[in-house]
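This is a predicted model, so every value here is computed, not measured. Numbering of residues begins at 1 and proceeds along the displayed sequence.
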Amino acid sequence: MPITPATATQTSSNGTADAILLELVDENGVTIGTAEKLAAHQPPGQLHRAFSVFLFDERGRLLLQQRALGKYHSPGVWSNTCCGHPYPGEAPFAAAARRTFEELGVSPSLLAEAGTVRYNHPDPESGLVEQEYNHLFVGLVQSPLRPDAEEVGDTAFVTPAELTERHAGDPFSSWFMTVLDAARPAVRELTGPSAGW
């Protein structure tokens, strides 16, 4: 597993662990400061920059990820291909590509911007709040997955009909439908009308 600030505790020169910082933004997505990751998710939540990735195979099926049970936030639920937070000063596109590789062991063969969406979703299980200004990306995956077991519990490629069935019976992240609906125009452009998105 690659060692990055997102997957390992950082140690500063004085031997103390450095906090993982998120970029705080205003309602227009303009950076206004930083906050420690867990603190930013405490109720009522601080609006921060995030990203969501939706990757599809050559048949137009969406790659879902089940979050690992060890995750501090929304463990064990199904969600989009990859999601996370850029480091302060990191471009959302770069962060999306980086985390997709870190979590799933693949680099998208195509990755395109698909707009932004702002939402406020409390997680009923953990009590944490997703108060996010989310940058959306759609793309293609054409390589075998090599998921990091500390991040990913399972994966599945689904058609729209299979997603509807799975969403009705399995737990999904609180933000999943919000980000998928916001990305749908770009998803349709990428996958074409026959895929049914």
Side-chain angles (χ1 to χ4, degrees), residues 1 6-7 20 22 37-57 59-86 95-96 99-106 108 114-139 141 144-184 186-188 191 195-197:
M1 177 179 80
T7 59
I20 296 173
L22 306 185
K37 184 177 180 180
L38 192 55
H41 290 87
Q42 297 294 331
Q46 295 174 280
L47 184 60
H48 58 275
R49 194 176 308 285
F51 64 83
S52 289
V53 177
F54 297 86
L55 296 183
F56 296 82
D57 67 8
R59 293 167 50 191
R61 298 179 303 167
L62 171 61
L63 174 58
L64 296 178
Q65 175 189 142
Q66 184 183 37
R67 294 165 62 85
L69 292 175
K71 301 280 269 187
Y72 81 97
H73 187 357
S74 303
V77 302
W78 288 90
S79 199
N80 48 294
T81 307
C82 179
C83 53
H85 309 94
R99 281 305 286 165
T100 299
F101 183 79
E102 289 173 352
E103 293 186 6
L104 294 162
V106 293
T116 59
V117 63
R118 190 258 195 257
Y119 53 79
N120 178 0
H121 284 300
D123 176 39
E125 294 295 319
S126 68
L128 299 174
V129 178
E130 287 291 3
Q131 185 90 250
E132 295 188 330
Y133 186 93
N134 198 306
H135 297 255
L136 308 172
F137 298 93
V138 299
V141 60
L145 303 177
R146 299 185 317 275
D148 177 351
E150 292 186 19
E151 298 285 343
V152 181
D154 199 1
T155 60
F157 283 96
V158 296
T159 65
E162 290 166 343
L163 175 60
T164 298
E165 182 178 342
R166 187 180 288 259
H167 193 263
D170 293 337
F172 271 74
S173 65
S174 59
W175 62 87
F176 175 74
M177 287 308 298
T178 299
V179 293
L180 176 60
D181 287 344
R184 276 187 200 273
V187 168
R188 291 185 187 116
T191 59
W197 293 103

Could you report the tightest heavy-atom contact between [X] and [Y], atom names first, then the distance?
{"X": "Ser52", "Y": "Asn80", "answer": "CB-ND2, 3.5 Å"}
{"X": "Leu22", "Y": "Ala40", "answer": "CD1-CB, 4.0 Å"}
{"X": "Pro171", "Y": "Gly76", "answer": "CG-O, 4.5 Å"}
{"X": "Val129", "Y": "Pro44", "answer": "CG1-O, 3.4 Å"}

Would the distance check show the side chain of Ser74 and the main-chain N or O of Ser173 forming a donor-acceptor pair, the cut-off being under 3.5 Å?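 Judged by distance alone, no pair lies under 3.5 Å.
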
Given 3.5 Å as the limit, does a donor-acceptor pair link the side chain of Glu162 with the main chain of Thr159, or not?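 At least one qualifying donor-acceptor pair exists.
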
Between Glu132 and Arg118 (salt bridge meaning N to carboxylate O under 4.0 Å), is one present in this structure?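 A salt bridge is absent here (no side-chain N lies under 4.0 Å from a carboxylate O).
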
Could you check whether any side-chain heavy atom of [X] comes within less than 4.5 Å of a side-chain heavy atom of [Y], counting everything from C-beta outward?
{"X": "Phe51", "Y": "His85", "answer": "no"}
{"X": "Tyr119", "Y": "Asn134", "answer": "yes"}
{"X": "Cys83", "Y": "Val53", "answer": "no"}
{"X": "Thr81", "Y": "Leu62", "answer": "yes"}
{"X": "Ile20", "Y": "Leu38", "answer": "no"}
{"X": "Arg61", "Y": "Val158", "answer": "no"}
{"X": "Gln131", "Y": "His41", "answer": "no"}

Partner residues of [X] under the side chain to side chain donor-acceptor pair (under 3.5 Å) criterion, sequence neighbours left out:
{"X": "Arg49", "result": "Glu23, Thr31, His135"}
{"X": "Glu103", "result": "Gln65, Arg99"}
{"X": "Asp154", "result": "none"}

Which residues share a side chain to side chain contact (heavy atoms under 4.5 Å, CB included) with [X], sequence neighbours left out:
{"X": "Arg188", "value": "Arg184, Trp197"}
{"X": "Ser126", "value": "His73, Asp123, Leu128"}
{"X": "Asp170", "value": "Trp78, Arg166, Phe172"}
{"X": "Ser174", "value": "His121"}

Which residues satisfy the ring pair (Phe, Tyr, Trp, His ring centres under 6.0 Å) test with Phe137, sequence neighbours excluded?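 Here the qualifying residues are Phe93.
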
Might you confirm whether atom CD of Glu165 has over 12 heavy atoms from other residues, nucleotides or ligands at distances under 6.0 Å?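 Not buried by this count: 12 neighbours or fewer within 6.0 Å.
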
In chain order, what residues pass the salt bridge (Lys or Arg N to Asp or Glu O under 4.0 Å) check against Arg146, with sequence neighbours excluded?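 Here no residue qualifies.
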
